[in-house]
Each structure stands twice: as C-alpha cells, then as structure tokens.
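Written out below as structure tokens is the structure these notes cover.
Computed over heavy atoms, backbone and side chain alike; hydrogens, waters and symmetry mates excluded. FYI, the numbering just counts along the sequence from 1. It should be emphasised that the depicted structure is a prediction, and the values quoted were computed from it without experimental measurement.
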Amino acid sequence: MSVPKFTTLGCRLNAYETEAMKELSQQAGLENAVVVNTCAVTAEAVRKARQEIRKLRRENPEAPIIVTGCAAQTEPETFASMEEVTRVIGNTEKMQAETWQQIAKGPDFIGTTEKVQVDDIMSVTETAGHLIDGFGTRSRAYVQVQNGCDHRCTFCIIPYGRGNSRSVPAGVVIDQIKRLVDRGYNEVVLTGVDLTSWGADLPAQPRLGDLVMRILKLAPDLPRLRISSIDSIEADENLMQAIATEPRLMPHLHLSLQHGDDLILKRMARRHLRDDAIAFCEEARRLRPEMTFGADIIAGFPTESDAHFENSLKLVTDCDLTWLHVFPYSKREGTPAAKIPNQVNGNVIKERAARLRAAGDAQVSRHLAEQVGKTHRILMENLHMGRTEQFTEVAFAKPQEEGRIVSAVIAGVEGHQLVA
C-alpha cells in the first residue's frame, strides 16, 4: 500500500494545512488515498478543482478521493455529486485527528450517508495553528497565526469557507518560531487569511504589531521575519514602529488593495479609500526607504467604467507597487457582487487585466534596474537562486549553500531576476 497523495490548490494557508493533514493522515494509518485541498476564491478556482479531481481519478483509478478545503466547505454538494469523489470534508474537519482516523477505517465506514462531513464553519472558535511547526523549504518556514475573516467584502466567498477571524495566541506562535530557529530556519513568514485582525479575539485584544515586536524580542536569534499579506488600513502603531526600527522585519509588504477608485472600493465594501492606500505606502516608505510593495488588484468589478479602471491603473504608480497579483473579476455565486447589475463584459475584463499586468511588469523592470550595483543580503532557496529582503529573486552562477544568507553585489538583470 502507498501513502496518501496530496494536491493543494490556492493559497499559502492551504499549503500549510496540507502539511498538517499529511501528519494527521500518517498518524491515523491512512493508505492509498488521494486528498485534494481546494480553493474557492473564484468560480475559476472551483472549475479547476473539479478538473483536477477528474485528472486524479484517471491517474489513480482504485484510490478513494477525499476533497476538502474552501470549495468543499462552501459547495459540498458540487463535489459530492461527482462520481469520482469518495468523501467531502470541511475546513474544520480536515484539521481534526478523528476525521482521518474515521477515513482510515476504509470504505465499510464510509456509507453513502457519510459522504459529506461539513459543519458550520461560523461556529468555529479555535485555530489549528499548533499542529505543525511551519513548513517550507530548508530556508523559509511559514507559521499560521490567524484564520478566518470578520469582514464581508462583496466579491469574496472566503469567510464562508474559513469562518470568522480567530487567532493563535502569541505564546504558541513564539514557541513555534523558537523551535524553527533551533532547527536552522533563517526566515519565518507569518500567514493568515486576514493577518491584521490578529489578536481581536484574544484577551486584551493585542494587535499584529504587538505580535511582531514580541517575536523579534523573544526570538533574538531569528534572522528574518516576514509578513505575508496585510490590510493596510488596519496597520497599527506598533507595526509601523517595527517597520521603522526593526531591520529583521523584512521591507516587503503585500497589500490587499483590490482597487484604486473610491466608488468601486465602496461597492466592494472595502474599509479604505484610494488616498488611504497612497498615504500608507508613502508613510511606510518614509519609515523604511527600501520598502517594496506587492498588491492584489481586481480588474472588471461590476459597474467599473473606463474612468474607474484608470484610477486603478494609476494606483500602481501612485503607490509605487512592484509585485502585482491581478485578478480578472469572475462572478462568484453566493456573493453580493454577483447580484450587482451592469457586470463588465468578459473581453473588457481581460483587456483591463492585461493592462494592469503590463503596468506591473514595468514596475518590476524599474525595480530590478535600480538594484544593479547594490549589495544585498540574500536568503538562498536552492543552490542557484535566493531572494533579497524585498523578496526579489537573485540568480547565482556559482552554487551557494541552501538556507544560508549570503551578501552579494548585483551585477545585472536577466528577465525578472537579478544576477549576482
């Protein structure tokens, strides 16, 4: 018999949870199964999940297929109706040892009435962040500090897949990070669904900046701490202080901006305006001149006019964004945005997304050119590639030690990589 095969779709948090599921399934003695951890962020993500399941069935004709993740949580009947699928389990259930113990008992236990095991995610009050000590390459580990989201952006299905916001206590996080440092990791990345809401459900309601400062104080041997993605309007005073004063906090932030026009932001039910985003970027860069920004931007949200889109396009340079994640809007049933009249034509959405990506490529090219001749501290991800503190890839002709931080002068640019 063989160990279970896992396929992960979607975000870094899903990848984190797949590592936890591997351990849980191994402890339960599960063999010869296929597990698909799905994403629900867009209708296209659900379509890709169904496509992947059909492909995995062709490749593994005899193995039971277990489907979990956000799409399984929000649309269990979609996957239960697929003849390829043996079992559908929710985002809470996938992190519970007893779920995998039941599945490991085999097909005799899984009767037709047991095919779907998906409970109300909104009733969940705990995280499962304690299950594993991070994961990643030998150089970088990811630590889940938060899950779920209390906000209800009109385009987003994720709160219905992840539940309300809940935080891993600071002491648990710091203990995890200390163990990772002891195991030789040189960089830790804090992950979550809505990171800047960390602490709101904990006693005394600490903020993300408090957690960052405590980590840096209590894990003094950690060389590099990185934050995955934040909502800039919720950045607290201590987080800004850490940006200004803590060189071990990496000068790279990925921002959940979504749009650059105030009317569209209101229709998205975002909590910031265009000027808020620009002001945050200016302040963060004033505190830390080498700061670089990534951002999520949606193209073609319902009612988006040419003028609205131009404001989004201009935001790329107004905020001096470098790494763009551009999402062509796709109608997601179950979200308020799907009911908005005046949906944008699909060809127009594609054209606008392409223009945003081109603007992002131009920003990347400018950033890379500015690095030539500078000395960077680079964390090696493999023998020939590492990343700067701003998360820029650097290629090395001469092999380096994986996981080590090396100093190098940037000699040139090839494609979207620096060359040392």
Given the rule in the salt bridge (Lys or Arg N to Asp or Glu O under 4.0 Å) test, do Lys339 and Glu333 qualify, once you have shown the distances and angles that lead to the verdict?
-> CA-CA 8 Å; Lys339 300 176 183 176; Glu333 295 303 327; over 6 Å; no

Any salt bridge linking [X] with [Y]? Criterion: basic side-chain nitrogen under 4.0 Å from a carboxylate oxygen.
| X | Y | result |
| --- | --- | --- |
| Asp221 | Arg248 | no |
| Arg332 | Glu75 | yes |
| Glu234 | Arg207 | no |
| Asp318 | Arg274 | yes |
| Glu283 | Arg285 | no |

Is the Lys NZ or Arg CZ of Arg224 less than 6.0 Å from the centre of Tyr185's six-membered ring, within 45° of the axis?
-> no

Looking at the rings of His325 and His254, which for Trp means the six-membered one, are their centres under 6.0 Å apart?
-> yes

Do other residues, nucleotides or ligands put more than 12 heavy atoms under 6.0 Å from Glu310 CD?
-> yes

When the ring planes of His252 and Phe391 are compared, do they come out parallel, tilted or perpendicular, using 30° and 60° as the limits?
-> parallel

Under 3.5 Å, sequence neighbours excluded: what are the donor-acceptor pairs made by side chains of residues 407-420?
residue	atom	partner	partner atom	Å
Gln417	NE2	Glu393	OE1	2.8

Among all residues two or more places apart in sequence or in another chain, which pass the side-chain hydrogen bond (donor to acceptor under 3.5 Å, both in side chains) test with Arg226?
-> Glu187

